[in-house]
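So the structure is just underneath, and the comments pick up after that.
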Amino acid sequence: IACFGLAFKSNIDDLRESPAMEITQMISEWNKGTTLVVEPNIPALPARLEHCRLASLEEALNNADVLVMLVDHSPFKGIPPSRITQPWIVDTKGVWR
């Protein structure tokens with residue numbers, strides 16, 4: 001599973017009171033493997049996301065079987081539709097329609 005975005009809103013690095021953080025934490029607790037997190041605006045994940053790993057956009061697209069769009073950062077909007085081949089996608093922002 002790869003979660004795209006942790007910030008409170010798009011194109012910032014503020015994670016305080018972010019619903020995306022809460023959702024990512026719940027997903028990581030349910031997921032038996034490592035949850036990949038793509039957040040281009042931070043250098044490291046908060047300690048509370050202990051079962052997650054910060055990943056590049058390419059790594060997530062190449063390795064995740066499920067994509068979860070939580071924050072519509074600009075780099076995510078630029079992903080060509082041909083790069084999204086996962087059978088399961090949860091797009092809470094309508095970016096990958």
Side-chain angles (χ1 to χ4, degrees):
I1 297 175
C3 294
F4 286 74
L6 288 178
F8 177 71
K9 64 180 184 175
S10 62
N11 303 318
I12 65 168
D13 64 356
D14 190 352
L15 306 182
R16 293 174 294 164
E17 299 183 32
S18 169
M21 278 280 295
E22 300 298 321
I23 293 167
T24 299
Q25 186 171 6
M26 286 190 307
I27 288 171
S28 72
E29 290 169 0
W30 298 334
N31 184 17
K32 292 183 181 188
T34 299
T35 300
L36 301 176
V37 176
V38 183
E39 176 48 73
N41 299 308
I42 61 170
L45 291 177
R48 70 189 246 197
L49 296 179
E50 61 186 315
H51 301 293
C52 298
R53 186 167 55 79
L54 194 59
S56 70
L57 186 61
E58 282 300 311
E59 180 183 6
L61 291 173
N62 290 336
N63 297 310
D65 53 352
V66 177
L67 304 181
V68 182
M69 170 64 73
L70 297 171
V71 182
D72 55 347
H73 292 308
S74 294
F76 305 158
K77 292 178 180 180
I79 299 170
S82 62
R83 287 291 293 125
I84 301 171
T85 59
Q86 286 72 10
W88 298 288
I89 298 170
V90 179
D91 183 355
T92 68
K93 297 297 183 178
V95 173
W96 296 328
R97 294 181 195 201

ask   = V38 and L61: same hydrophobic cluster, using ILVMFWY side-chain contacts below 4.5 Å?
value = yes
task = Before giving the answer on side chain to side chain contact (heavy atoms under 4.5 Å, CB included), spell out for Q25 and E29 the whole-Å C-alpha distance, their side-chain angles and the decisive distance to 0.1 Å.
result = CA-CA 6 Å; Q25 186 171 6; E29 290 169 0; 3.5 Å; yes
ask   = Atom OG of S28 and atom CD of E50: how far apart are they, to the nearest 0.5 Å?
value = 7.5 Å
note = Residues joined to L15 in its hydrophobic cluster, side chain to side chain under 4.5 Å directly or through other members, sorted by chain and number, are L6, M21, V37, I42, L45, L49, L54
query = Closest heavy-atom contact between L36 and A60?
reply = CD1-CA, 4.0 Å
query = What distance separates F4 CZ from T24 OG1, expressed to the nearest 0.5 Å?
reply = 11.0 Å
message = Could you report the tightest heavy-atom contact between D65 and I1, atom names first, then the distance?
response = OD1-N, 3.5 Å
note = Sorted by chain and number, sequence neighbours left out, side chain to side chain contact (heavy atoms under 4.5 Å, CB included) with V71 holds for S10, A20, H73
Under 3.5 Å donor-acceptor, D72 side chain and V95 backbone = no
key: Cluster overlap I89 with F76, hydrophobic side-chain contacts below 4.5 Å   = yes
request  = Indicate the atoms forming the closest heavy-atom contact of T34 with C52, along with that distance.
outcome  = CG2-C, 4.2 Å
ask   = Does the N63 side chain pair with the main chain of E59, one donor and one acceptor, at a distance under 3.5 Å?
value = yes
inquiry  = Other residues, nucleotides and ligands only: do more than 12 of their heavy atoms fall within 6.0 Å of NZ on K77?
reply    = yes
query = Should we count CD of E58 as having more than 12 external heavy atoms under 6.0 Å?
reply = yes
key: Between NE2 on residue H51 and NZ on residue K32, distance to nearest 0.5 Å   = 14.0 Å
request  = Kindly compute the distance separating CG (D91) from CH2 (W96), expressed to the nearest 0.5 Å.
outcome  = 6.5 Å
request  = Enter the distance from F8:CZ to R16:CZ here, rounded to the nearest 0.5 Å.
outcome  = 9.5 Å
ask   = Are I23 and W88 in one and the same hydrophobic cluster, where Ile, Leu, Val, Met, Phe, Trp and Tyr link if side-chain heavy atoms are under 4.5 Å apart?
value = yes
task = Flag yes if L67 and L57 sit in one hydrophobic cluster, no otherwise; membership is Ile, Leu, Val, Met, Phe, Trp, Tyr, and two members link when side-chain heavy atoms are under 4.5 Å apart.
result = yes
